[in-house]
Amino acid sequence: MTTTEPQTSAVPETMPGIYLPGNSTTEMRQVPVPAPGPGQLLVEVGAAGICGTDISYIYREYKTHRGIDGPAYRGVVSGHEPSGRVVAAGPGCARFGTGDRVIVYHIAGCGLCDNCRRGFYISCTAPSRESYGWQRDGGNARYVLAEERTCVPLPAELSYVDGALIACGFGTAYEGLRRIGVNGEGDLLVVGLGPVGLAAGMIGRGMGARRVVGVELSGVRREWADSLGIFDTTVAPDDADAELGRFTGGAGFAFTIDASGSAPGRSTAVEHAAEWGHVSFIGEGGRFDTEVSDTLLHKQLTLHASWVTSLQAMSDLAANLVAWGLRPEAVVSDRFTLDEADEAFALAAGGSRGKVVFVADSLP
Ligand SMILES: [Zn+2]
Ligand SMILES: [Zn+2]
């Protein structure tokens with residue numbers, strides 16, 4: 001893996017980084033560029049996504065993290081969806097070196113607990129667990145200091161924007177679809193067509209789902225989804241009962257996934273699952289309430305709850321996307337540079353049709 005490609009540009013002493021002081025604002029500060037310590041890489045950020053969880057914090061005074069006392073955001077450089085190129089490696093780095101392209105998994109777990117050993121740093125509750133952009137400096141900056149063990153290879157066929165999307169949303173969607181074993185013997189229903197739902201539709205195609213259908217409340221988002229060529233059809237929730245019934249001849253969908261995180265969205269995913277169907281919940285927040293007998297038991301449903309993904313699955317996904325000929329960046333509707341952070345966050349919080357990302361002009 002390690003290459004000897006020479007470092008082409010000298011690393012400056014300071015860099016811009018975006019902070020989230022709250023009250024719906026962002027703040028750009030000039031901060032020192034860190035030097036990598038043992039087992040650490042300095043990664044020049046090529047692209048970094050803005051995530052629903054970032055928006056929650058700056059606009060809705062959210063939130064805490066599992067296993068962490070008090071507010072999750074500790075006044076660090078924001079951004080947990082970076083992808084870039086290694087420009088310096090600290091002592092002891094064994095897999096990646098200068099010039100390697102990487103995707104950064106968004107949490108540095110302790111590396112020793114059972115969840116970490118499964119690659120699910122997301123589920124680590126050790127005191128040393130740190131999320132990029134929340135408890136340690138993240139990717140909305142020119143450089144990010146990453147633990148080598150949190151990095152996976154970004155294939156040459158994919159762009160940094162592709163990598164940034166795999167870092168969170170696409171990984172989350174992939175894991176949810178793996179749990180329910182999507183394949184070509186059944187149709188897939190995706191509820192909620194925000195960036196994660198679009199990812200689920202695209203990956204569902206890659207995994208070979210017979211047909212892929214989306215449900216989305218927002219007409220603007222439905223229109224954007226229709227323009228991407230991912231879905232056989234998309235419908236509004238009000239029309240779901242009639243349209244989805246017609247689409248499957250009343251049989252329902254072998255595979256359904258909720259990315260809306262809403263109670264009605266989850267109900268749609270469950271109610272439109274076929275007999276012996278498999279249902280996946282990946283959308284955060286809120287509640288789920290359902291009639292049990294006819295809706296769940298009598299249909300012999302399997303219901304999965306899935307949270308983010310593992311390091312290895314993220315790596316597998318990157319390789320699979322290349323083989324499937326799919327590019328995550330297709331779901332990006334808006335690109336910004338760091339000096340446009342206010343505008344980028346505001347758009348991501350409400351007005352955007354698809355995914356909003358920061359891109360660096362310094363990397364090809
Ligand atoms: Zn995210
Ligand atoms: Zn751990």
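In this chain, numbering begins with 1 at the start of the sequence shown. In each ligand, atom 1 is the first atom listed, and ligand 1 is the first ligand listed.
- Of all protein N, O or S atoms, those under 2.8 Å from the Zn ion (ligand 2) number 4.
- Counting only N and O atoms by type, the side chains of Asn320 and Tyr174 include a donor and acceptor under 3.5 Å apart.
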Validation: residues 13-22 side-chain donor-acceptor distances under 3.5 Å, sequence neighbours left out:
from  : atom 1 : to    : atom 2 : distance (Å)
Thr14 : OG1    : Gln30 : NE2    : 3.2

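- Between Phe358 and Phe345, the ring planes are tilted. Angles from 30° to 60° get that label.
- The list of ring-ring contact (aromatic ring centres under 6.0 Å, His included) pairs with a residue in residues 260-286, not counting sequence neighbours, reads Phe281-Phe288.
- In this structure, Glu44 pairs ionically with Arg85, as a charged nitrogen and a carboxylate oxygen lie closer than 4.0 Å.
- Trp307 and Glu175 share no side-chain donor-acceptor pair at under 3.5 Å.
- Listed by chain and number, the protein N, O or S atoms at a distance under 2.8 Å from the Zn ion (ligand 1) are Cys51 SG, His80 NE2, Glu81 OE2, Cys168 SG.
- The number of heavy-atom neighbours closer than 6.0 Å to CD of Glu291, taken from other residues, nucleotides and ligands shown, is above 12.
- Distance alone, capped at 3.5 Å, places no donor-acceptor pair between the Ser280 side chain and the Ile257 backbone.
- Note on Asp232 versus Arg205: salt bridge recorded, some NZ/NE/NH1/NH2 to OD/OE distance being below 4.0 Å.
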